[in-house]
Amino acid sequence: MLDIRFIRENKDRVKEGVIKKGEVPSKVDEVVHADERRRKLVQQGEDLKSRKNAVSAQVAKMKANKEDASAIIAEMKVVAEKIKVIDRELREVEETLRSLLLQIPNLPHPSVPVGKGPDENQIISTWGEPFLIDFSPKPHWELAEKLNIVDFTRGTKITGTGYPVYVGKGAQLDRALVNFFLDEATANGYTEVFPPLLVNATSATGTGQLPDKEDQMYVVPRDDFYLVPTAEVPVTNFYRDEILAERQLPIKFSACTPCFRREAGSYGKDVRGLNRVHQFNKVELVKFVHPDNSYEELESLCHDAERVLQKLGLQYHLLLMCSGDMGFTQAKKYDLEVWSVGQQKWLEVSSVSNFESYQARRMNIRFRPERGGKPEIVHTLNGSALALPRVIAALLEHYQTPEGKVIIPKILHEYTGFEVIG
RNA sequence: GGAGAGGUGGCCGAGUGGUUGAAGGCGCUAGUCUCGAAAACUAGUAUGCGCGCAAGUGUAUCGAGGGUUCGAAUCCCUCCCUCUCCGCCA
């Protein structure tokens, strides 16, 4: 969420940003109004409390001197009642204010193109050699089925649609890629963590999944937990309610977890094969950084994600998301899309974002400036490096042979232990 | 899951209704001393919110939320968490 003082002092700028995000600006006025009411109540309540405290001290003194204090005690009874009423009202206003603040999106960074939808995203760069073999490449689901490395049918039997079973070299390939990605992250200075796969509501709210994307998460109602839709949630919450030392920054974490997504509302061609599944492995990179250089950290995070695609030799392009297509909590976001030669389309395999202080303020993650002074909110960033199923899809398609085999790229040999599938 | 104990500042730990935001110790920071360091001594050392240009000031916070009271770290209720023993278990 945004800083209430910032909103108070930059109402028009905030509204402008909200509009760019494609959200309704009227909430901003509601926030400002609720904030005014809150401050008035705080003032009233504290004036009364101040008096109460002074008189209570007086009562203590009088009792110590064995004087009669019943008169002022009676008077304070009324004051105490007033305080209770004001506090109750204040609590209501604060609740309203918080819920309104949660409904104000993060503002887009000035470098973000203004736009409404995917068509207005900018292609920043394209990398890689096109597929140059003289036969028509098959989509990954045909290859996978024929090679017997992903069993979609049995996955549906075991759980439901969108839960493929990786089998044999398919399972080994997934594991090899995970290890490769994690090793790359470690080499780039990230500390590997393995977090819980279920989180509580506070954590889910901290990163912005709640209340915004509740429908996308699997819920465990009996224990009031949520299955993680991405490692971002547990990993970013690692430092919730903590004050870090400035010299600790930047802190860089990597984590591989299964990601559970209900994908409510998805249908049709998009969900074919490994394009969109309910459970998948993903290596996520998370950074806690100094506000002064979060945009440099965003670029380097993006390069960290790109590098693994390059090492795999897969064709991809880098998109800068426009204001209307980047999501509620981000200030700036890049997507990496890999080319699926069997489907002749781009598949999103990574999304790299700077949240500035938006998540960190919700989570109350701060650092103590070396020079002294008040703790400041850190900036948080994250990016996938990478999401497995679509990488596997693109890889199978890109490295297929006319006979329907798949040649494993060299860099993975030490991880897979085999060089060809089929 | 059953029985019991307990949750106080960065850490340890005192405190069972009245100048207790909180003794004492450790740690940390600065100063004195020293060629330098250690030791010793001195001082400082939480966070949020409101008001204020600021200095500052008011208020809140002793796991969380309610309640009793003129007044709560201290009493009552609910919840959460930790520890010990038993049970179950990868």
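Just so we're on the same page: letters track the sequence lines, and every chain starts at 1.
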**OP:** For B:C70, take OP1 and OP2 only and decide whether either is under 4.0 Å from a side-chain N or O of A:Arg51.
**Re:** no

Subject >> Distance test, side-chain N/O of A:Asn53 to OP1/OP2 of B:U19, below 4.0 Å >> reply: no

Original post:
When you measure from the centre of the six-membered ring of A:Phe253, is the NZ or CZ of A:Lys287 under 6.0 Å away and within 45° of the axis?
Top reply: no

Subject >> d(NZ, A:Lys84; P, B:U59) in whole Å >> reply: 19 Å

**OP:** Could you measure between the two C1' atoms, the one in B:C77 and the one in B:G9, and give it in whole Å?
**Re:** 27 Å

Original post:
On a whole-Å scale, what distance lies between the P atoms belonging to B:C79 and B:G1?
Top reply: 14 Å

Subject >> Residue-phosphate contact under 4.0 Å: A:Arg39 side-chain N/O, B:C49 OP1/OP2 >> reply: no

Original post:
Looking across every strand, which nucleic acid part, if any, lies under 4.0 Å from A:Arg8 by heavy atom: base, sugar-phosphate, or nothing?
Top reply: sugar-phosphate

**OP:** Once you apply the 3.5 Å cut-off to both distances, tell me the Watson-Crick or G-U wobble partner of B:U16, or none.
**Re:** none

Subject >> Heavy-atom donor-acceptor pair, A:Gln43 side-chain to B:G50 base, under 3.5 Å >> reply: no

**OP:** May I ask you to check whether over 12 heavy atoms, not counting those of A:Arg8, lie within 6.0 Å of atom CZ?
**Re:** yes

**OP:** Can you figure out which of B:C70, B:G67, B:G48 approaches the side chain of A:Arg88 most closely?
**Re:** B:G67

**OP:** Just call it for A:Lys61: base, sugar-phosphate, or nothing, with non-hydrogen atoms closer than 4.0 Å on any strand.
**Re:** nothing

Subject >> Short side-chain N/O contact from A:Arg366 to OP1 or OP2 of B:U47, under 4.0 Å >> reply: no

**OP:** Name the nucleic acid region contacted by A:Lys40, choosing base, sugar-phosphate or nothing; use a 4.0 angstrom heavy-atom cut-off, strictly under.
**Re:** nothing

Subject >> Whole-Å P distance, B:U19 and B:U59 >> reply: 15 Å

Subject >> Most 5' of A:Lys52 and A:Ala60 on RNA chain B, judged by nearest nucleotide >> reply: A:Ala60

**OP:** Starting at atom CZ of A:Arg247, determine the distance to atom C1' of B:U29, rounded to an integer number of angstrom.
**Re:** 13 Å

**OP:** Please measure how far the P atom in B:G36 lies from the corresponding atom in B:G31, and state the result in whole Å.
**Re:** 13 Å

Original post:
Roughly how far apart, to the nearest Å, are B:U57 and B:G44 at atom P?
Top reply: 15 Å

Original post:
What does B:A37 pair with, Watson-Crick or G-U, if both distances are under 3.5 Å?
Top reply: none

Original post:
Separation of A:Glu46 atom CD from B:G52 atom P, in whole Å?
Top reply: 13 Å

**OP:** Taking the side chain as every heavy atom from C-beta outward, state whether A:Tyr166 and A:Leu173 have any atom pair closer than 4.5 Å.
**Re:** no

Subject >> Within 6.0 angstrom of A:His33 NE2, more than 12 heavy atoms from elsewhere >> reply: no

Original post:
When the C1' atoms of B:G58 and B:A43 are considered, how many whole Å apart are they?
Top reply: 27 Å

Subject >> Residue pair A:Glu356 / A:His109, side-chain heavy-atom distance below 4.5 Å >> reply: yes

Subject >> Phosphate contact (B:U68 OP1 or OP2) by A:Lys77 side-chain N/O below 4.0 Å >> reply: no

**OP:** Please state how far atom CG in A:Leu48 lies from atom P in B:G71, giving the value in whole angstrom units.
**Re:** 12 Å

Subject >> More than 12 heavy atoms from other groups under 6.0 Å of CZ on A:Arg307 >> reply: yes

Original post:
On a whole-Å scale, what distance lies between the P atoms belonging to B:A72 and B:C83?
Top reply: 33 Å

Original post:
So what does A:Ala57 touch, heavy atoms closer than 4.0 Å: a base, only the sugar-phosphate, or nothing?
Top reply: nothing

**OP:** Remember a base hit wins even if backbone is also touched, and classify A:Asn364 as base, sugar-phosphate or nothing at under 4.0 Å, heavy atoms.
**Re:** nothing

**OP:** Hunt down the Watson-Crick or G-U wobble partner of B:U74, both distances under 3.5 Å, from any strand shown, or write none.
**Re:** none

Subject >> Pair assignment for B:C28, Watson-Crick or G-U wobble, requiring both distances under 3.5 Å >> reply: B:G44

Subject >> A:Arg38 vs B:G50: side-chain N/O to OP1/OP2 distance below 4.0 Å >> reply: yes

Original post:
Taking side chain as C-beta onward, heavy atoms only, is A:Gln209 less than 4.5 Å from A:Met217?
Top reply: yes

**OP:** Looking only at side-chain atoms of A:Ser50, point me to the closest of B:G50, B:G18, B:G58.
**Re:** B:G58

**OP:** Using atom NZ of A:Lys49 as one end and atom C1' of B:C49 as the other, report the distance to the nearest whole Å.
**Re:** 11 Å

Subject >> Side chain of A:Arg91 (C-beta onward), nearest among B:A60, B:C70, B:G66 >> reply: B:G66

Subject >> CD/A:Glu120: more than 12 non-hydrogen atoms of other groups inside 6.0 Å >> reply: yes

Original post:
What is the distance from CG of A:Asp87 to P of B:A60, rounded to the nearest Å?
Top reply: 9 Å

**OP:** State whether A:Arg5 places a side-chain N or O below 4.0 Å from either non-bridging phosphate oxygen (OP1 or OP2) of B:C49.
**Re:** yes

**OP:** Give the nucleotide from the list B:G18, B:A46, B:G48 with an atom nearest to the side chain of A:Arg368.
**Re:** B:A46

Original post:
Looking only at atom P, what distance separates B:A64 and B:C11, rounded to whole Å?
Top reply: 14 Å

**OP:** Once you apply the 3.5 Å cut-off to both distances, tell me the Watson-Crick or G-U wobble partner of B:U69, or none.
**Re:** none

**OP:** Nearest whole angstrom, please: distance from the P of B:C49 to the CG of A:Leu41.
**Re:** 17 Å

Subject >> Partner nucleotide, any strand, of B:C53 [Watson-Crick/G-U, under 3.5 Å] >> reply: none

Original post:
Closest nucleotide of RNA chain B for A:Asp47 versus for A:Val42: which of these residues is on the 5' side?
Top reply: A:Val42

Original post:
Over how many whole Å does the gap from A:Glu246 atom CD to B:C28 atom P extend?
Top reply: 20 Å

